[in-house]
Structure formats: C-alpha cells, structure tokens
Amino acid sequence: MEPLEERTVTVPNMSCGHCSATIEREISDIDGVEVVSANVATKSVRIAWHEPATWDDIWRTLVEIGYAPDA
C-alpha cells in the first residue's frame, strides 16, 4: 500500500454540525481516503489518503458539495 498523504485545509463556509458531517461522509466515500476530520470551530478539515485517491479527487468533491476550501 502507498504511504498516506495528509492535508489540512480551511473551509470558510463550514458553519454547523450538519456541514461537518456532510464533508466527512462525502470525502470518506472516496476510495483510498483513510481519515476525514472536520472541525466546525476552526473551520478546518484534516484528510489523510493513499492511492487510488488523489488530492484532485478530494478537492473536486469538496467543491461539488458546496464546501470549497481556501487555496
């Protein structure tokens, strides 16, 4: 198995528990994603993944569900 990659991003429009639950559910559905932890208080999401997931897959999913991260 490929080593995990990890990134923490800011998601400015995450404002409630429903938002964080949606992000965690949708990102964890991507094959290869091992960890998703969304924190409403800090508006941050920590994600750890390995192949076949890519950062582009994760980014695209966040945008598609309405939670685009800061670049």
Side-chain angles (χ1 to χ4, degrees):
M1 180 177 0
E2 295 291 318
L4 287 179
E5 294 188 55
E6 185 173 325
R7 192 172 291 191
T8 300
V9 295
T10 301
V11 178
N13 66 338
M14 179 174 46
S15 60
C16 66
H18 181 273
C19 298
S20 63
T22 298
I23 291 168
E24 289 177 350
R25 181 182 64 248
E26 295 295 325
I27 299 303
S28 67
D29 281 349
I30 299 170
D31 189 27
V33 171
E34 296 292 326
V35 176
V36 183
S37 178
N39 184 316
V40 175
T42 61
K43 296 186 180 287
S44 65
V45 181
R46 180 178 155 267
I47 306 156
W49 71 95
H50 57 77
E51 290 184 357
T54 66
W55 176 244
D56 287 342
D57 296 333
I58 295 163
W59 179 276
R60 186 172 34 257
T61 299
L62 286 167
V63 170
E64 287 173 359
I65 64 173
Y67 297 101
D70 281 347

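The figures here come from the full heavy-atom set of this structure, side chains too, leaving out hydrogens, waters and symmetry mates. One is the number of the first residue; the rest follow in order along the sequence.
- In terms of heavy-atom proximity, Asp31 sits nearest to Pro52 at OD2-CG, 3.2 Å.
- With values rounded to the nearest 0.5 angstrom, Cys19 atom SG is found 8.0 Å from Lys43 atom NZ.
- Taking every heavy atom of both residues into account, Val36 and Val33 meet most closely at CG2-CG1, 3.4 Å.
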Where do His50 and Glu34 land on the side chain to side chain donor-acceptor pair (under 3.5 Å) test, with the steps shown first?
CA-CA 8 Å; His50 57 77; Glu34 296 292 326; 2.7 Å; yes

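- Asn13 and Gly66 get closest at one heavy-atom pair: ND2-O, 2.8 Å.
- If you take CD1 on Ile27 and CD1 on Ile58, they are separated by 6.5 Å, rounding to the nearest 0.5 Å.
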Test side chain to side chain contact (heavy atoms under 4.5 Å, CB included) applied to Tyr67 and Glu26, step by step
CA-CA 11 Å; Tyr67 297 101; Glu26 295 295 325; over 6 Å; no

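- Taking the side chain as every heavy atom from C-beta outward, Met14 and Ile23 approach each other to under 4.5 Å.
- Connection of Ile65 to Val11 is established within a shared hydrophobic cluster, with ILVMFWY side chains joined at heavy-atom distances below 4.5 Å, either directly or through further cluster members.
- Between Val40 and Cys16, the shortest heavy-atom contact is CG2-O, 3.2 Å.
- Scanning all heavy atoms of the two residues, the minimum distance from Ala41 to Asn39 falls at N-OD1, 2.9 Å.
- Inter-residue side-chain proximity for Ile47 and Trp49 is flagged as met; some heavy-atom pair is nearer than 4.5 Å.
- With rounding to the nearest 0.5 angstrom, the OG1 atom of Thr61 is 5.5 Å from the CD atom of Glu64.
- To the nearest 0.5 Å, atom CD of residue Glu5 and atom CD of residue Glu51 are 8.0 Å apart.
- Cluster membership check: Val45 shares its hydrophobic cluster with Trp55, using side-chain heavy-atom separations under 4.5 Å among Ile, Leu, Val, Met, Phe, Trp and Tyr.
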